[in-house]
Amino acid sequence: MGCSVDKIFEDFLNKKSFFVNKDALNIKFTPETIPHREEEINMLARILAPALRLERPSNVFIFGKTGTGKTLTVDHVTNQLSRIAKEKNIPLKVVRINCKMHKVADTEYRLIAEIARDFGQEIPATGLPTNEVYKLFKNVIDSSKQEIILILDEIDSLIKRAGDEVLYNLTRINQELKNSKISIIGISNDVTFINNLDSRVKSSLSEEKMVFPPYDAVQLKDILMERAKIAFAPNTIQESVISKCAAYAAREHGDARKALNLLRIAGELAERLNKEKIDETDVDAAEEKDESDSTDDTVKKLPKQSQAVLYATLLILKSREPPILTGEMYDVYKSICIRTASKVLTQRRVSDLINELDMLGILNAKVVSKGRYGRTRELRLPLAEDVVVRIENMLKAELNL
DNA sequence: CGAGATTCATGTGAAGTATACCTTTAGGCTTAA
DNA sequence: AAGCCTAAAGGTATACTTCACATGAATCTCGTA
């Protein structure tokens, strides 16, 4: 029995991998150069440069679809900036917070607490009045002279959940600081969301605006080539493979994240099949299997109750066509809770959970009046078939079903 | 036949409750002078 | 007497519940042509 497994492991060790440095295909990887974002990089650098002279840089608002290099560009520029500041002994601190992270920065209290923790200020998860948290935050920042650049990634989801008061308070705090200065870089992939902001916040926050256009196929190819050079061993991948990944991703609003994922998955698939080289069929297979949708991750991190809600919808969807009504879903949800011996939440609460899922883009909910037959929301899944299947299995495991 | 009333199923806002955690404060006990 | 520890009192954020009212078009009702 063990022999076959041994053999697998041995083969694995003997065969040389396609990958030299798979990290290069990871979204989080920060490459040396960022192709086709020179202009944006320069612009951002010019905006932030005053920090080196201890002048407060303008706040910046950055828009762009997923995979257009927003986060990457900001990271790149701020890293360089930090490096130079360090060399020249300039007190500069860059803090980056992802506002979408559930339970980390999705309320006013938690966001400020999280930033303060970054400055070494301990703040309990609960118990303190919010303005007390502001005070602690202010004190720790202002205790020494320093420039602070605060990057709020996916800021739109924070505003939708917690309102724009946080931003107002942040800008206001800035004026009360004696020693330090804060600049805010807001990153959002929803262009329309700025219109819903309080006008004071709007004007003070978008002193500078930047829009990241999607990449076209040619640009995507350049990006992939660059990464492929680092990631793959020589002579394991054909140029046509890269072109194909680029083309697929270009079709989808020029999403570089998608392109990188395709390339990585294609490589993994080819490797698993013991191929000599990666070829174009692997890209097609990768497209099928595409794990790009971070939905997987999001769903896994969801609270149990939300997972149950989602699973209920999925379950109904297996036997019926899309428009699912909330009442029906709630019944199924109840039975799931009973089966898993977990608490059954009220319809009121579930209603809110649905809204949260809707905002996360995992579920589509639209209120609809059915006249004589009441008012409800129609639920749909905006996800591809294969993603749904995968999520369903995952939820089954998560919920112990 | 058509305008207006009715109805249904649930959306939605406000206020209340439970839980977990925080700070403050008043004793009470220890300790050192 | 000063110092330190402890436990109770009084507060807050968050997740959830309870209560009550709002919605809005399909259907019903009934006066009128």
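Everything numeric here is computed off the predicted structure, so don't read it as measured data. In what follows, every chain begins at residue 1, and chains take the letters A, B, ... in the order their sequences are listed.
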TODO: Classify the nucleic acid contact of Thr376(A) as base, sugar-phosphate or nothing, counting any heavy atom under 4.0 Å across all strands shown.
DONE: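 It contacts sugar-phosphate atoms only.
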Open item on the list: Mind checking if Val344(A) touches a base, just sugar-phosphate, or nothing, with heavy atoms under 4.0 Å?
Closed with: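 It contacts sugar-phosphate atoms only.
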Heavy atoms, side chains only, cut-off 4.5 Å: are [X] and [Y] in contact?
X	Y	value
Leu302(A)	Ile362(A)	yes
Val77(A)	Leu48(A)	yes
Leu381(A)	Asn364(A)	no
Ile123(A)	Tyr109(A)	yes

Task: Partner of Lys244(A) under side chain to side chain donor-acceptor pair (under 3.5 Å), chosen from Asp282(A), Asp284(A), Thr281(A) - done: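 Option passing the side chain to side chain donor-acceptor pair (under 3.5 Å) with Lys244(A): Asp284(A).
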Open item on the list: Could you check whether Tyr333(A) and Tyr330(A) have their ring centres less than 6.0 Å apart?
Closed with: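 Yes.
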- [ ] Scan residues 131-140 of chain A for pairs that pass salt bridge (charged side-chain N to carboxylate O under 4.0 Å, His left out), counting only residues two or more places apart or in two chains.
- [x]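 Applying salt bridge (charged side-chain N to carboxylate O under 4.0 Å, His left out) to every pair that reaches into residues 131-140 of chain A, excluding sequence neighbours, yields Glu132(A)-Lys135(A), Lys138(A)-Glu176(A).
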TODO: Extract, from 5' to 3' on DNA chain C, the first and final nucleotides lying under 4.0 angstrom from some heavy atom of chain A.
DONE: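 Boundary nucleotides touching chain A, in 5' to 3' order, are dG11(C) to dT27(C).
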TODO: Mind grabbing the angle between the end helix axes of the helix from dC1(B)-dG31(C) to dT31(B)-dA1(C)? Five pairs an end, 10° rounding.
DONE: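 That helix has its two terminal axes inclined by roughly 30°.
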Expressed in angstrom and rounded to an integer, what is the separation of [X] atom [atom1] from [N] atom [atom2]?
X	N	atom1	atom2	value
Lys343(A)	dT17(B)	NZ	C1'	11 Å
Glu122(A)	dT23(B)	CD	C1'	16 Å
Tyr330(A)	dT12(B)	OH	C1'	16 Å

Inspect the contact between [Y] and [X] and indicate whether a charged nitrogen and a carboxylate oxygen are less than 4.0 angstrom apart.
X	Y	value
Glu287(A)	Arg251(A)	yes
Arg56(A)	Glu207(A)	yes
Arg37(A)	Glu39(A)	no
Lys221(A)	Glu239(A)	yes
Asp153(A)	Arg96(A)	yes
Arg110(A)	Asp106(A)	yes
Arg377(A)	Asp358(A)	no
Lys65(A)	Asp255(A)	no

TODO: Mind listing the residues from residues 125-136 of chain A sitting with a heavy atom below 4.0 Å of DNA chain C? Number order is fine.
DONE: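 Heavy-atom cutoff 4.0 Å gives Thr126(A), Gly127(A), Leu128(A), Pro129(A), Thr130(A).
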Open item on the list: What residues from residues 347-363 of chain A pass a heavy-atom cutoff of under 4.0 Å to DNA chain C?
Closed with: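 Correct list: Arg348(A), Arg349(A).
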Got a list of protein N/O to nucleotides 4-6 of chain B N/O distances below 3.5 Å?
none

